[in-house]
Amino acid sequence: MNQTVEPKILKGFRDSLPETETVRKQIIRKLEDTFTRFGFDPVDTPVLEYASVLLGKGSGETDKQIYRFRDNGDRDVAMRFDLTVPFARFTAAHRNEIPMPFRRYHIAKVWRGENTQKGRYREFVQCDFDIVGSDSVLNDLDILLLMRESFRVMGIEKITFHLSHRGIFNTFLEKEGIGNLSGDILRTVDKLGKIGEDEVGRLLTELTDAEKAEKVLSYIKTEETNEKTLEKLIRLCGGETEETKRLAFLLRKLDGAEDGARFILNPSITRGLDYYTGIVYETFLDDLPGIGSVCSGGRYDNLTSIYARERLPGVGSSIGLDRLMAALEELNMIPKRKTGTAALICFQDTGYLDSYLALTRDFRKAGIACELYPEAKKLPKQFSFAESKGIPFAVICGEEEFRNGTVTVKNLNRRKNYTGLSFGEAVNLIQQDEK
RNA sequence: GUGGGAGUAGUUCAAUGGCAGAGCGUCAGAUUGUGGUUCUGAUUGUUGCGGGUUCGAGCCCCGUCUCCCACCCCA
């Protein structure tokens, strides 16, 4: 039997080793705590949906990227492409069980069959949070505050939130008599950061004419301050509207940044997805903007239009966890933690097996994540095993300790011994360093 | 999906069409209750995969897979 199958995996799909997955789980835990503090509840939906439920919800481009096939019962099925469309179906299906306004978060994998690049995979995790069933600007504000808080708890402060307003932009386009070209113009304008003003101007001139292109270019330019940018938008729209007042309110409330995170009114942000109608935003790391937005979203008029009659407005955002982690890795910001295990119980003397087992049990009972080395090998051997796994502490007990009822703990990073400890002191020592 | 670049030991990288190599790492010992130095010895390969040309292919040609880059789109 020397015929083996090559252990290969598909393009754009990845394994996650403990050193990566431990960090990922830690980040997810922090995010879940944060979402919960903001009053959001978790939900889940199936990976597979009827293709008819998922198709035709984004642009034509997104349909091509959806994984779709016939299942064993010959049903036309598809894997979820994002978490928003399944959420729309979910909300329509459970409308009577959900009190409005509804705050939910959903952290799960999604699949897109597109070409890969750094920070672009075919299977990746999104962290979505939305508030539906209310038009209130306070929800827009809370989503933005939650975005800032989420990055703060992840320890990322050099970050910029670019925001803009789809509705105001459309008002402007209508006023200029080019509202019918909204979709094309939005997509073109969206490229400003990448291809520059001249090239965008050229493309806009192709779409309209030189004069209109000039006007649009002027509209999408970010001025020195948010106030000035806002003033310009109001002027180009022909005066204040409900929407500009709304945007002004948000910018006022978001002012007074307590850390490095900044909110910038950037009218060139438009988002490719069609369903946004109000405020939209994208988030870039100051040190690695090239990897793309790590958190995007906006306000939409009607989440469930395809599935139900009732109009259901909402606002939400999505953190791209895998892209974020790829960026953090590139920036050397991934914490070194390779395991959740805090202590290795060294095994030296087979005669004391029961004592080792009892010690292991007691540490676990006290909340210390630990494992007992399964063989009575030499200590250096056990130390280097712990080190290679990233376990910070070794518990060293032999005849002397068991006779005195004491515990010896070694901090493996500092190579420092703590002898003659009581069990409680040992637990404290290990827990202290946990933080 | 379209176009460009890359793929050699666990890893970083060598090898004019002519015996696949080095550093680092890993393992064992010097060292049977304490691993960062040193020394000794050992280990590591379907050159991504499959074909072709050739006396002979890691190297040239074709196909394919994966990664990286650009477009597209987006997290």
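Note that the coordinates shown come from a computational prediction; the quantities given were computed from them, not determined experimentally. Below, chain A is the first sequence line, B the second, and so on; all start at residue 1.
For the C1' atom pair drawn from B:U12 and B:U16, the interatomic distance equals 24 Å after rounding to whole Å. Using atom C1' as the reference point in both B:G56 and B:C60, the two lie 13 Å apart (nearest Å). Across B:U40 and B:U31, the matching C1' atoms stand 14 Å from one another, rounded to whole Å. Using atom C1' as the reference point in both B:C65 and B:C39, the two lie 46 Å apart (nearest Å). Rounded to whole Å, the separation between the P atoms of B:G63 and B:C72 comes to 27 Å. Comparing B:G48 with B:G10, their P atoms are spaced 13 Å from each other, to the whole Å. Look at the C1' atom in both B:G58 and B:A15: the space between them is 9 Å, to the nearest Å. Nucleotides B:U26 and B:U64 have their C1' atoms positioned 34 Å apart, rounded to a whole Å.
Within the structure, every side-chain polar atom (N or O) of A:K381 is placed at least 4.0 Å from both OP1 and OP2 of B:C27. Considering only side-chain N and O atoms, A:T116 lies under 4.0 angstrom from the phosphate OP1 or OP2 of B:C67. OP1 or OP2 of B:C74 has not a single side-chain nitrogen or oxygen of A:Q65 nearer than 4.0 Å.
Side-chain atoms of A:R120 and base atoms of B:C73 include a donor and an acceptor less than 3.5 Å apart. A:R323 contributes a side-chain N or O that forms a donor-acceptor pair with the base of B:C74 under 3.5 Å. The base of B:A75 is paired with the side chain of A:E114 by a donor and an acceptor separated by under 3.5 Å. Donor-acceptor pairing under 3.5 Å, judged by distance alone, is present between the side chain of A:K410 and the base of B:U34. The base of B:G36 is not paired with the side chain of A:E387 by any donor and acceptor separated by under 3.5 Å.
If you check the side chains of A:D76 and A:S52, you find no donor sitting under 3.5 Å from an acceptor. Residues A:T339 and A:T341 have side chains that bring a donor and an acceptor to within less than 3.5 angstrom of each other. Counting only N and O atoms by type, the side chains of A:D130 and A:Y300 include a donor and acceptor under 3.5 Å apart. Side chains of A:N266 and A:S164: a donor-acceptor N/O pair is absent below 3.5 angstrom, by distance only.
Checking B:G56 for Watson-Crick or G-U wobble geometry (two distances, each under 3.5 Å) identifies no partner in any strand. In this entry B:G1 has B:C71 as its Watson-Crick or G-U wobble partner, both defining distances falling under 3.5 Å. Remark: B:U44 base-pairs with no nucleotide in the shown strands. Criterion, Watson-Crick or G-U wobble with two distances under 3.5 Å. Nucleotide B:C24 forms a Watson-Crick or G-U wobble pair with B:G10, both donor-acceptor distances falling under 3.5 Å. Within the shown strands, nothing qualifies as a pairing partner of B:G36 under the Watson-Crick or G-U definition with both distances less than 3.5 Å. Of all nucleotides present, none satisfies the Watson-Crick or G-U wobble test against B:C19 with each distance under 3.5 Å.
Base engagement by A:G119 is indicated by at least one non-hydrogen atom pair under 4.0 Å involving a base atom. Within 4.0 Å of A:I396, counting heavy atoms only, lies at least one base atom of the nucleic acid. Residue-level contact check: A:Q382 touches neither bases nor backbone, having no heavy atom under 4.0 Å from any strand. Backbone-only contact: A:G12 has heavy atoms under 4.0 Å from sugar-phosphate atoms and none from a base. Counting any heavy atom pair closer than 4.0 Å across all strands shown, A:G398 reaches a base atom. Among the protein residues, A:E401 comes within range of the nucleic acid bases, having at least one heavy atom under 4.0 Å from a base atom. Here A:C346 lies out of heavy-atom contact (under 4.0 Å) with every strand. Residue A:L321 is classed as having no contact, given no heavy-atom separation below 4.0 Å to the nucleic acid. No contact: A:K109 has no heavy atom under 4.0 Å from any strand. A:D322 comes within contact range of no nucleotide atom at all, as no heavy-atom separation falls under 4.0 Å.
Protein atom CZ of A:F284 is 10 Å distant from nucleotide atom C1' of B:C74, rounded to whole Å. In this structure, A:I107 places its CD1 atom 14 Å from C1' of B:A75, rounding to the nearest Å. Rounded to whole Å, atom C1' of B:C71 lies 15 Å from atom CG of A:D190. Protein atom CG of A:N404 is 17 Å distant from nucleotide atom P of B:G33, rounded to whole Å. The distance from atom CG of A:L328 to atom P of B:A75 is 18 Å, rounded to the nearest whole Å. Between the P atom of B:C69 and the NZ atom of A:K11 lies a distance of 12 Å, rounded to the nearest Å. Between the P atom of B:C73 and the CZ atom of A:F124 lies a distance of 16 Å, rounded to the nearest Å. Atom P of nucleotide B:C72 and atom CG of A:N115 are separated by 14 Å, given to the nearest angstrom.
Remark: side-chain polar atoms of A:T208 are not paired, donor with acceptor, to backbone N or O of A:T205 under 3.5 angstrom. Using a distance-only test at 3.5 Å, with no hydrogens or angles considered, no donor-acceptor pair links the side chain of A:R148 to the main chain of A:F263.
Salt-bridge check for A:R37 with A:E149: passed, with a basic side-chain N closer than 4.0 Å to an acidic carboxylate O.
Taking for each of A:Q117 and A:F13 the nucleotide of RNA chain B with the nearest heavy atom, the 5'-most of the two is the partner of A:F13. When the nearest nucleotides of RNA chain B are assigned to A:K378 and A:K118 by heavy-atom distance, the more 5′-ward of the two goes with A:K378.
Of the candidate nucleotides B:A75, B:C72, B:G36, B:A75 has the atom nearest to the side chain of A:S296. For A:K191, whose side chain is taken as the heavy atoms from C-beta onward, the closest listed nucleotide among B:G1, B:C72, B:G33 is B:C72.
You'll find the side chain of A:I27 stays beyond 4.5 Å of the side chain of A:K30, heavy atoms only. The shortest side-chain heavy-atom distance between A:T45 and A:F87 does not fall under the 4.5 Å cut-off.
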